[in-house]
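Down below is the structure, laid out as structure tokens.
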Amino acid sequence: MYNTKEIEERWQNFWKENKLFNASNKSDKEKYYLLVEFPYPSGSGLHVGHVRSYTALDGIARLKRMQGYNVLFPMGWDAFGAPAEQYAIKNHIHPKKAVEENISVFKSQLESMGYSFDWDREFSTTDPEYYKWTQWQFLKFYENGLAYKAEKEINWCPQCKTGLSNEDAAGGVCERCGSRTEKKLKNQWILKMTSYADRLIDGLKDTEFLEKIKTAQINWIGKSIGAEVDFKLKDTEDILRVFTTRCDTLFGVTAMVLSPEHVYLKKYEDRIKNIDEVKSYQQEAKNKSEIERTDMTKEKTGVKIDGLKAINPVNNEEIEIWISDYVLASYGTGAIMTVPAHDERDYEFAKKFNIPITQVIAKSFIGEDESKIREDKPFTERNVVNAIIKYPTENKYLCVQNKKFGWINFVMGGIEDNETPIDAAKREIIEETGYTDINIEKELEFIYFDNFYAAHKGVNRHITCHTVVGKLNSLEEKERSEEEKDLADVLWIDEKELKEKLTTNAHKYDATRVLNNEGAMVEDGIHINSGFLDGLNKEEAIEKMLEYLEENNCGRKTINYRLQDWVFSRQRFWGEPIPMIHCEKCGWVPVPENELPVLLPEVTAYEPTETGESPLAGITEWVNTTCPKCGGPGTRETDTMPNWAGSSWYWLRYMDAKNDECFADFDALKYWGMVDLYNGGMEHATRHLLYARFWHQFLYDKGLVPTKEPFKKRVAHGMILNSDGKKFSKSSGNGVRPEDMVNKYGADALRTFEMFIGDYEKDASWNEEGLKCCKRFLDRVYRLKDKLNEKDTYSESLENIINKTIKKVTEDILSMNFNTAVSALMILTNEYEKEDTISKKDYRILLTLLNPIAPHITEELVNINNLGEAICKTKWPTYDESKLVDSVVTIAVQVNGKLRGSMEVPNGTNNEELIRLAKELENVQKHLIDKEIIKEIVVPNKIVNLVVK
RNA sequence: GCGAGUAUGGUGGAAUAGGUAGACACGCACGCUUGAGGGGCGUGUGACUAACGUCGUGAGAGUUCAAAUCUCUUUACUCGCACCA
């Protein structure tokens, strides 16, 4: 019928020759900046996943251009980094050469898809003209004290022989090669990203990122507000500083725990009597992989330090100090105070090593239910025990039901002065239920408070509850007193029903604690055993404790972040050289700006070295240089930047890509401002976006860019999965190559299909049948040319649907609901097919609306049918509001909310008339017989509902 | 464990200021076209029922004249973070 290849090439050349998609930096038009993450030009070529997001934004770009915007829609290459280097090593070609080849494949693939990129602004992060400015910006960080060199334990991948950021080595596995990472000390360049932590959170307010992206970033930064507390180290001048979010629990501290890397272990080596044991534990921790260390299912380990003790600043108690690998060196101060009563991990540790557990917070049900007390009666204090007793053989629990009020609860009663809670429980069980063969196993560790009106004594009880747990060995019993029999019935309640049937929240709480076998008491409550904090709730207690700590100079309010500074060094060849020179006399000296870029030297071997140094370290003629400051001998930094560096400012370069005076002219930066819409994968929601925002915020602070934030709106496309719903992977060899699909069905069909495949934000499974159907749809559009008549106005019968479709397609594309936009165009096509003939204008409007998604075939059809100027040179259509209204509407008629009929009426028929007509419907009348209408509900133009009785 | 999200026919998915659930497709069935295949065209297609009807948006409650949509509870799956003190 038609040759897609021929048509596509013709129009791609037409766009190129006429430079139709080049954005101008000077224009009266309103600007619109669309950005897709620039690809990594890998050896495997373009993926169907790329096609999805590029087509989506291309559609928006084409539509916006036709709407009269000056659209910037650029493309470039993120070509530095380990994968390009690995690829080069594997295929024995220079990375530069490999990158060039890959880029040319990628570019021709992109061009064959018909994307409307402004190729005049293309660049690669590996171009010296680009990385000159990446280096220049690094120097700005350095000048402002935000780049520093530090000896830092890094994640080391023995396979790739390189240092990795925490991000690249998440979970103790190298992101690139999947091998286990080790820890290694290295002197690294680090960017002080943590000093922007708050800004990175606050700045989100100025963006319209997807909510889930905002939360992901906030979680990643992991801000937590707490306090530093200084414990005196007994018999020394030192203090042991810890970070805690719960300084209110300081009276519950029963141990201190240091991370195995803590500096005091070295410093006080001589005092530690069991230093050998400590050292071997440190060694063990070091040898463990990150995975083993962070495996939460494993049991806690640790060693008590014999010879060091800490002093609790609130009560001067001496506290034992331990080391354990559950305390991380990298967070807070690398040491913690242990409050086993109220922290799960500390509880587990304490149980394992028999560390005392001191309850300092008690759950309280007081004030929860005012109806339980009588305001006119006095309060009395009482100690009470609840007995949770299991049936001898089944999962049932012993309860009693009050005959007068119906309340159900566990056996409970007061504890007399000479009794333990266990004694009291036994006595009460015998009295209340008659069972005698009782085995109390334990008393729960944590008490709680409750209150109620004790009717038989005429007083309100303020009770302190102890809970005991046990079972009956047998159902042996003795007769209960008449009084008890009158008061309550004995019930056995199944484990599953327990929480529903128990009356009070306090007893439900007890049931939960026992059934779930709960450990630490982590809920909020009232402070006890806490000196000046007793009786306070959590917030009050934290505030008061902070005051105390500050007055006594032993602590202060502090904020901690999960986010860490950005390790900016890589021991690799294929990256931007870090433009620093080391001089024996002057230390680290920046390369003068006029000597930038520091070019990568030509080398023959770029494989990483066994020593862990960058391959650059071996090239003495490159390394040896003179110190820019004193003129003496100097050596160049041989580490290179991570591949996140080049992508941390690339959107700025697009604004003025050929500038050789500066990274981009300030007027150009001002003209384009924020990226209006930035699309990329969810996998970049934290790392790339945070690095990019950090970088941009810094440039803003230095007055180098005009906006606080780089991106206004960020969206994320769903992945294209294979037909089994799994990720495409190289190893399983199930990839779909876009060029194969283009050859078979054409670029337009592939574009249309990937837009129709489903919700843009959700993952979608590849299915070639669906692609065929989209090709069929385009064929149908093509065949409509046979119905053309000579008229140049909309066909009257189609006017309404045409206007509706203009509205729908415009809104849907701009709101990224591409699937429903395609669906609307299919519906319009169906309508056209029902007509005997269609006008030129009818046809042209369909082709125009379809153009952003299928640009080649639509231009071709306009051209061969003499429908006027090329679509991409014309205005995007607007709809006529007055033509959107249907003259006749269908009204659904319901009786009691159930559909009983429908009727066609003129639009705007009044309510009385609608009700009258509705009642006349045969099927409706049937349901009105012998019924009285009590309510008539009308939603104009939609529904009539008759409520009958 | 914490955080976020998702759940609708045989399938992909439509429909949320609450208002005819299943648009548009795929698949399937039947028919027409064709020597046949492919392709095209047409009709039908949530379940149960002979039918009137009844049921139906993961499950269970609730609010309402009316719930896929709002509230509460709950299950499963996906993603992110995870011994973060």
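Each chain gets a letter, A, B and so on, in the order its sequence line appears, and its residues count up from 1.
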Using the P atoms only, state how far B/rG9 lies from B/rA68, rounded to an integer number of Å. 14 Å
Between A/R246 and B/rA85, does any side-chain N or O lie under 4.0 Å from OP1 or OP2? no
Write down the distance between CH2 (A/W220) and C1' (B/rA4), rounded to a whole number of angstrom. 15 Å
Between the side chains of A/Y331 and A/S224, is a donor N or O closer than 3.5 angstrom to an acceptor N or O? yes
Rounded to whole Å, how long is the line connecting atom CG of A/L771 with atom C1' of B/rG12? 14 Å
Between A/N819 and A/D759, is any side-chain donor less than 3.5 angstrom from a side-chain acceptor? no
When the P atoms of B/rG46 and B/rC52 are compared, how many Å lie between them, rounded to an integer? 15 Å
A/N830 vs B/rA23: side-chain N/O to OP1/OP2 distance below 4.0 Å: no
Rounded to whole Å, please give me the gap between CE in A/M682 and P in B/rC79. 12 Å
Length of the CD-P vector between A/E833 and B/rC41, whole Å: 6 Å
Take a 6.0 Å sphere around NZ of A/K785 and say whether it holds more than 12 heavy atoms from other residues, nucleotides or ligands. yes
So, does A/S224 get its side chain near the phosphate of B/rA85, meaning an N or O under 4.0 Å from OP1 or OP2? yes
Hydrogens and angles aside, do A/N219 and A/R562 bring a side-chain donor and acceptor to less than 3.5 Å of each other? no
B/rU11 versus B/rG80 - spacing of their P atoms, nearest Å: 27 Å
Cationic N near anionic O, under 4.0 Å, A/E299 to A/K351: no
Could you work out which one of B/rA85, B/rC83, B/rC24 sits closest to the side chain of A/F756? B/rC24
For atom C1', what is the distance between B/rC81 and B/rG13, given to the nearest Å? 31 Å
Exercise: do A/N817 and A/S815 side chains pair donor with acceptor under 3.5 Å: yes
Ignoring hydrogens and geometry beyond distance, is a side-chain donor-acceptor pair present between A/E768 and A/Y745 at under 3.5 Å? yes
side-chain N/O A/N219 vs B/rA4 OP1/OP2, d < 4.0 Å: no
Atom CD of A/E344 and atom C1' of B/rC2 are separated, to the nearest Å, by 12 Å
If the cut-off is 4.0 Å, is A/R776 near the phosphate of B/rG40, judged by side-chain N/O to OP1 or OP2? yes
Sort out the partner of B/rG3 for me: Watson-Crick or G-U wobble, both distances under 3.5 Å, none otherwise. B/rC79
Any salt bridge linking A/E523 with A/K538? Criterion: basic side-chain nitrogen under 4.0 Å from a carboxylate oxygen. no
Which nucleotide in B/rC83, B/rC24, B/rA7 has an atom nearest any side-chain atom of A/D325: B/rC83
Would you mind reading off the distance between A/L825 atom CG and B/rA25 atom P, rounded to a whole angstrom? 11 Å
Decide, for B/rG18, between syn and anti: a glycosidic angle within 90° of 0 counts as syn, anything else as anti. anti
Using modelled atom types and a 3.5 Å cut-off, is there a donor and acceptor pairing between side-chain atoms of A/R52 and backbone atoms of A/H717? no
What's the gap between B/rA7 and B/rG12 when it is taken at their C1' atoms, as a whole Å value? 15 Å
Roughly how far apart, to the nearest Å, are B/rC77 and B/rU8 at atom C1'? 16 Å
Atom NZ of A/K223 and atom P of B/rC81: how far apart are they, to the nearest Å? 22 Å
If you check the A/T245 side chain, which of B/rA14, B/rA85, B/rC26 turns out closest? B/rA85
Roughly how far apart, to the nearest Å, are B/rC70 and B/rC83 at atom P? 35 Å
So, OP1 or OP2 of B/rG80: does either fall under 4.0 Å of a side-chain N or O from A/R687? no
When the P atoms of B/rG22 and B/rA67 are compared, how many Å lie between them, rounded to an integer? 16 Å
State the pairing partner of B/rA21; accept Watson-Crick or G-U wobble contacts with both distances under 3.5 Å, and report none otherwise. none
Which base sits across from B/rA59 as a Watson-Crick or G-U pair, both distances under 3.5 Å? B/rU73
In 5'-to-3' order, the base (B), backbone-only (S) or no-contact (-) status of each nucleotide in nucleotides 44-66 of chain B, using a 4.0 angstrom heavy-atom cut-off, is ---------SSS---------B-
Rounding to an integer number of Å, can you tell me how far A/K300 NZ sits from B/rC83 P? 10 Å
